[in-house]
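Remember, it's 1-based here, ligands and their atoms both numbered in the order they're listed. Computed from a prediction, not measured in an experiment: that's the story for all the values here.
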Amino acid sequence: MSEPPLPESSNDVQLPTEFVQRLKLIVPAEQIASVLASFSATKPTTFRINTLRGSIDEIVTSLQALKIEMKPVPWFSDSSGRPLAYQVAHEHREQLTHSPIIDEGLIYVQNLSSMLAPLVLGAVSGETILDLAAAPGGKTTQIAQMMENTGVLSAVEPVKKRMFKLRASLERCGVSMTRIYQTDGRTVGHKTPDRFDRVLLDAPCSSEARFRTGDPKTWETWSQRKIRETSRKQIGLLKSAIHATRPGGRIVYCTCSLAPEENEQVIHKTLKKFGAKVSLIPFELPIENVQEGLLEFGGKSFDPQVELCRRVLPTEVMDAFFIACLLKS
Ligand code: SAM
């Protein structure tokens, strides 16, 4: 096996050079230092209160018994302003994750970026929803919670081991409205055309958000060739997601990759293929570490609508993320 490429400067220590160089073309110059630093930050543990297992007050009381300092996430609350997400310092992670609170499904440990996609999807009780790449179930359980377990929520996961993890998450969190399908998401659109009010595609990706400085295992399968391959799969999945959506319905596409080939380019090619049948919807994210969709990368230009996509830039708390919201007309 070849040696990993050498880092460029002390700032970028032990991230692959190719990745860092690409990042410098994606992220604005004034933010690159903090973005690179985020890959070595010891991030707090963040979690979501699962109101399918109790009221916010009951769950917060159980959490307080652990005597861990918890900081509410200011932008994620219920309709009366009570926080639905918290962060605790990394040093308390073990204590939290080994407490019965997790096994009882009272909370779901999840990165804050990941909580944004279901908020953009905006599913409400009674709707028919598809989660096309669902395991281990962070977003499926959040969607079920937003729908108060009422309506139809279909969750797709082709990998058996991960499908079992998904099932375990749903059971633990008291989700009773979901049917799981172990199948390739690319086949779903043709089997169930025009069926769903909203479809979430949290696409399999190169997981660049999970790179950790000094931990080569986190990027051992990463390469530009792999990004191109993944991009083709993502386009197939997004096509299927659009076919499965009813006219007038909404599709949220997201990844935890920073690569434009897996993000803007997937949206650009999809817009080109579907023409007037699909358009992008603007949406607001309740955070500041956000960048508009790029309109060009690697010598390729993208449809002007792609600007409406949002890239969440990683911070000392949040992981990188990308979200696009599409309307099927
Ligand atoms: N939505 C999940 C959550 O919030 O917990 C995370 C999903 S993860 C980013 C992507 C998932 O897509 C993985 O579980 C992977 O096994 C699955 N996947 C891979 N290929 C797929 C395909 N062809 N169709 C549907 N899902 C696929």
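Under 4.0 angstrom from ligand 1, there are no non-hydrogen atoms of Gln110. The part of Ala134 lying near ligand 1 is the backbone, judged by heavy-atom distances below 4.0 Å. The side chain of Val159, and not its backbone, has at least one atom closer than 4.0 Å to an atom of ligand 1 (non-hydrogen atoms only; side chain from C-beta on). Both the backbone and the side chain of Lys139 come within contact range of ligand 1, each with a heavy atom under 4.0 Å. Only backbone heavy atoms of Ala203 (N, CA, C or O) come within less than 4.0 Å of ligand 1; its side chain stays farther off.
Among all protein heavy atoms, the one lying closest to atom 10 (C) of ligand 1 is Asp202 O, 3.5 Å. The protein atom (non-hydrogen) at minimum distance from atom 12 (O) of ligand 1 is Ala133 CB, 3.4 Å. What sits closest to atom 3 (C) of ligand 1 on the protein, heavy atoms only, is Gly138 N, 3.5 Å. Looking only at protein heavy atoms, the nearest one to atom 26 (N) of ligand 1 is Pro158 CD, 3.2 Å. The protein heavy-atom contact nearest to atom 25 (C) of ligand 1 is Leu132 O, 3.3 Å. The protein non-hydrogen atom at the shortest distance from atom 8 (S) of ligand 1 is Ala135 O, 3.9 Å.
For Arg311, the salt bridge (charged side-chain N to carboxylate O under 4.0 Å, His left out) test picks out Glu264, with sequence neighbours left out.
The contact set between ligand 1 and Gly137, taken as ligand atoms under 4.0 Å from a residue heavy atom, comprises 3 (C), 5 (O). Taking every heavy atom of Arg162 and a limit of under 4.0 angstrom, the matching atoms of ligand 1 come to 13 (C), 14 (O), 15 (C), 16 (O). For ligand 1, the atoms lying closer than 4.0 Å to a non-hydrogen atom of Asp184 are 22 (C), 23 (N), 24 (N). In the vicinity of Gly185, heavy-atom distances shorter than 4.0 Å reach the ligand 1 atoms 22 (C), 23 (N), 24 (N), 25 (C).
Taken from CG in Leu271 to CG in Leu280, the straight-line distance is 5.0 Å, to the nearest 0.5 Å. Taking CG of Leu238 as the start and CZ of Phe274 as the end, the distance is 7.0 Å to the nearest 0.5 Å.
Classification of Asp319 and Lys43 as a salt-bridged pair holds, one side-chain N sitting under 4.0 Å from a carboxylate O.
Selection from Met163, Lys160, Lys233 by nearest heavy atom to atom 20 (N) of ligand 1 gives Lys233. Taking all heavy atoms of Met115, Glu157, Lys165 into account, the minimum distance to atom 16 (O) of ligand 1 is reached by Glu157.
At least one donor-acceptor pair under 3.5 Å links the side chain of Asn50 to the backbone N or O of Gly105. The backbone N or O of Val120 lies less than 3.5 Å from a partner atom in the side chain of Arg250, making a donor-acceptor pair.
Classification of the His190-His243 ring pair by plane angle, with boundaries at 30° and 60°, yields tilted. Ring-plane geometry between Phe39 and Phe211 is classed as tilted, the angle between the planes lying from 30 to 60 degrees on a 0 to 90 degree scale.
Residue pairs meeting the salt bridge (Lys or Arg N to Asp or Glu O under 4.0 Å) criterion with at least one partner in residues 58-80, sequence neighbours excluded, are Asp78-Arg82.
Each of Gln142, Lys139, Arg48 was scored for a side-chain hydrogen bond (donor to acceptor under 3.5 Å, both in side chains) with Ser114, with one residue passing: Lys139.
When all heavy atoms are compared, the tightest approach of Val278 to Ser329 is N-OG, 4.3 Å.
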